[in-house]
Protein chains: 2
Amino acid sequence: MIHCEDHEECILTAIEMADRICSQKQLKFTDLRKEILRMVWEGHGPQKAYDLLNKLQQTNPSAKPATVYRALDFLIKNGFIHKVASLNAFVGCSHPLRHQECYFLICDDCKNISECCDPNITAIIQATTKQNQFVAKNTTLEISGHCTECLNRSE
Amino acid sequence: MIHCEDHEECILTAIEMADRICSQKQLKFTDLRKEILRMVWEGHGPQKAYDLLNKLQQTNPSAKPATVYRALDFLIKNGFIHKVASLNAFVGCSHPLRHQECYFLICDDCKNISECCDPNITAIIQATTKQNQFVAKNTTLEISGHCTECLNRSE
DNA sequence: GCTAACAATGTTACAATATAACATCCCAGA
DNA sequence: TCTGGGATGTTATATTGTAACATTGTTAGC
Ligand SMILES: [Zn+2]
Ligand SMILES: [Zn+2]
Ligand SMILES: [Zn+2]
Ligand SMILES: [Zn+2]
C-alpha cells in the first residue's frame, strides 16, 4: 500500500475487486459504501472514523456518525478493510480473499502502516491455538515501532 | 489466570511481584496503583476502565476517570497489566519480566482471556519484522474465538 | 528541620469514539 | 402495484479517553 507506483490505480483496483466480490456474493456495494472504501484507501494510511465523517460531510452535509460506522461495518464484515484496534482506525485490505491472514507493521513516527502477511505467522498461530484447544475466529496482530525510512531519516 | 486453584492467592502473588519489582526499580507503588492492580486481577478477565472507576468510587467517591487512567498507564508502562486493544479493556500480566511476549486468546462467549506466550511466535514475528527492516517496539496479538469449555458446553 | 523540586493525585472540563432506537426510503420480487 | 427487508436518515446518548491546571505529598540537599 505504501510503495505503490500510482496510488489512484491502487485505489481503483481495490474498488474494482470489492465490486466484483460483492457481485459474486450478492452484496449491495452502494454508492455510500463505495465512497467510504475509496476514502479509506485514499488516505494511504490508517483513517479515523470521524475524519472520514468530516470528509464525507463535504459532499453530504447531513452525514452522521452512524452513516460512517455502518459503512465501515459492512466493509469490515466483508473483508475490504481492517480495523486497526490499537489505533482505533481503519485501513484498506489489499487481498480481501485472504483476509484472515493480514498482519500489520505500524510506524510510530510516520504513522504509515504496512501489511506483513507471512504464512509462517499464520501457521504458528494455528499451531498455538490448536494446542490450546481454541477455535480462532479472528486474529489481531499489530506490531508498532519504527519503519526503515524513519530510521534512516533520523540517523 | 483462568485455571488458578485459588484466585485470591493468585492476586496476592501478582501484587507481591509488582511490589518487589517496584522496589527494585525505585518506582512508587502507591495505594491507588496497588488498588487498581488488585481490581484488574480480581475481575478474573478483561476489565473496563469505567467499571474499575465505579468500583473505586465505592471506597473513594471523588475518583475521576483520570484517577483510573493514570494508574492504568503506570501499570501498563511497567508491565503489570496489558491493554487488550480489541476490547478496550485491561488484564493482569502474570509475568511482568517477560512482558513483551504476551499473546492472548479471547473467548467471544465467556469473555475469558488466556495468555498463549509461545516463544515460537515471538521468533517468527522477529523474523518477519527483521525481513521488513522494521524495529518493533510493541506487539499486539489478540486472537478471538471460542475456548474449549464453551465449545464443550454447546455440544 | 527547612525548602525546593518533582512526582502523584485532585478536579474540572472536554474530546474522541461508538451505538441505540426509531423513522424513512428504496428496490427486488410476489 | 404492493410489500418486506435492507439501506439510510436522524436524534439522542453511551462509552472511552485526555488536557490543563490546582493541590498535595515525598524526597533530597541544605
Ligand atoms: Zn486484509
Ligand atoms: Zn515511518
Ligand atoms: Zn504480559
Ligand atoms: Zn469461553
Side-chain angles (χ1 to χ4, degrees), chain A residues 18-19 22-40 43 46-78 80-91 111 140 142, chain B residues 18-19 22-23 25-40 43 45-78 80-91 111 140 142:
Chain A
D19 221 338
C22 285
S23 295
Q24 286 169 4
K25 294 194 188 173
Q26 313 246 51
L27 300 169
K28 295 179 186 175
F29 195 39
T30 63
D31 289 348
L32 177 61
R33 289 165 174 175
K34 194 173 294 189
E35 184 166 7
I36 296 289
L37 180 58
R38 162 174 284 280
M39 282 181 178
V40 170
Q47 301 296 299
K48 312 284 281 183
Y50 276 70
D51 292 345
L52 295 172
L53 176 56
N54 286 338
K55 276 191 211 165
L56 183 59
Q57 283 174 333
Q58 289 170 14
T59 57
N60 178 354
S62 69
K64 301 285 183 312
T67 316
V68 169
Y69 279 105
R70 282 194 290 225
L72 290 172
D73 285 346
F74 171 87
L75 296 170
I76 290 170
K77 186 176 166 191
N78 296 294
F80 304 128
I81 65 173
H82 292 273
K83 172 158 189 177
V84 185
S86 59
L87 298 177
N88 293 324
F90 303 85
V91 67
K111 313 300 176 193
T140 298
E142 299 168 11
Chain B
D19 220 339
C22 286
S23 295
K25 294 195 188 170
Q26 311 246 53
L27 300 169
K28 295 179 187 174
F29 195 40
T30 63
D31 288 349
L32 177 60
R33 290 165 174 175
K34 194 173 293 190
E35 185 165 6
I36 296 290
L37 180 59
R38 162 174 283 281
M39 281 180 178
V40 171
Q47 300 297 298
K48 312 283 281 181
Y50 275 70
D51 292 345
L52 295 172
L53 176 57
N54 286 337
K55 274 191 212 166
L56 183 59
Q57 284 173 333
Q58 290 171 14
T59 57
N60 179 356
S62 69
K64 301 283 184 310
T67 315
V68 169
Y69 279 105
R70 284 195 290 226
L72 291 172
D73 286 345
F74 171 87
L75 296 170
I76 290 171
K77 184 176 167 192
N78 296 295
F80 303 129
I81 65 174
H82 292 272
K83 173 158 188 177
V84 184
S86 59
L87 298 177
N88 293 324
F90 304 85
V91 66
K111 312 303 175 190
T140 298
E142 299 168 10

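For the atom pair A:L27 CG and A:L75 CG, the distance stands at 10.5 Å (nearest 0.5 Å). A distance of 5.0 Å separates CG of A:L56 from CD1 of A:I36, quoted to the nearest 0.5 Å.
Sorted by first then second residue, the salt bridge (Lys or Arg N to Asp or Glu O under 4.0 Å) pairs that include residues 26-35 of chain A, not counting sequence neighbours, are A:D19-A:K34.
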B:K83/B:N88 under side-chain contact (heavy atoms from CB on, under 4.5 Å): CA gap, chis, key distance, verdict: CA-CA 7 Å; B:K83 173 158 188 177; B:N88 293 324; 4.1 Å; yes

Pairs under 3.5 angstrom, nitrogen or oxygen only, protein versus nucleotides 25-30 of chain C, please.
none

What nitrogen or oxygen pairs link the protein and nucleotides 9-15 of chain C at under 3.5 Å?
| residue | atom | partner | partner atom | Å |
| --- | --- | --- | --- | --- |
| C:dT9 | OP1 | B:T30 | OG1 | 2.6 |
| C:dG10 | N7 | B:R70 | NH2 | 2.5 |
| C:dG10 | O6 | B:R70 | NH1 | 3.1 |
| C:dT11 | OP2 | B:S62 | OG | 3.3 |

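When all heavy atoms are compared, the tightest approach of A:T140 to B:S86 is OG1-CB, 4.5 Å. Smallest separation of non-hydrogen atoms from B:E142 and B:A85: OE2-N, 2.8 Å. Contact detail for A:Q47 and A:M39: the closest heavy-atom pair is CG-O, 4.1 Å.
Exactly one of B:F29, B:F90, B:F74 qualifies for a side chain to side chain contact (heavy atoms under 4.5 Å, CB included) with B:L37. That residue is B:F29.
In this structure, the CG atom of B:L27 is 15 Å from the C1' atom of C:dC6, given to the nearest Å. Spacing between atom OH of B:Y69 and atom P of C:dT17 amounts to 13 Å, rounded to whole angstrom units. To the nearest angstrom, P of C:dA18 lies 12 Å from CG of A:D51.
Nucleotides of DNA chain D that come within less than 4.0 Å of any heavy atom of chain A span, from the 5' end to the 3' end, D:dA7 to D:dT11.
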Please tabulate, one pair per line, all N/O donor-acceptor pairs under 3.5 Å involving side-chain atoms of residues 61-72 of chain B, not counting sequence neighbours.
| residue | atom | partner | partner atom | Å |
| --- | --- | --- | --- | --- |
| B:S62 | OG | B:N60 | OD1 | 3.2 |
| B:K64 | NZ | B:S62 | O | 2.8 |
| B:T67 | OG1 | B:K64 | N | 2.9 |
| B:T67 | OG1 | B:K64 | O | 3.0 |

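When the side-chain nitrogen and oxygen atoms of A:N88 are compared with OP1 and OP2 of C:dA16, none of them lie within a distance under 4.0 Å. For the OP1/OP2 pair of C:dT17 and a distance below 4.0 Å, the side-chain nitrogens and oxygens of A:K83 include no atom meeting the criterion.
Scored by the side chain to side chain donor-acceptor pair (under 3.5 Å) test, A:D51 finds no partners at all (sequence neighbours excluded).
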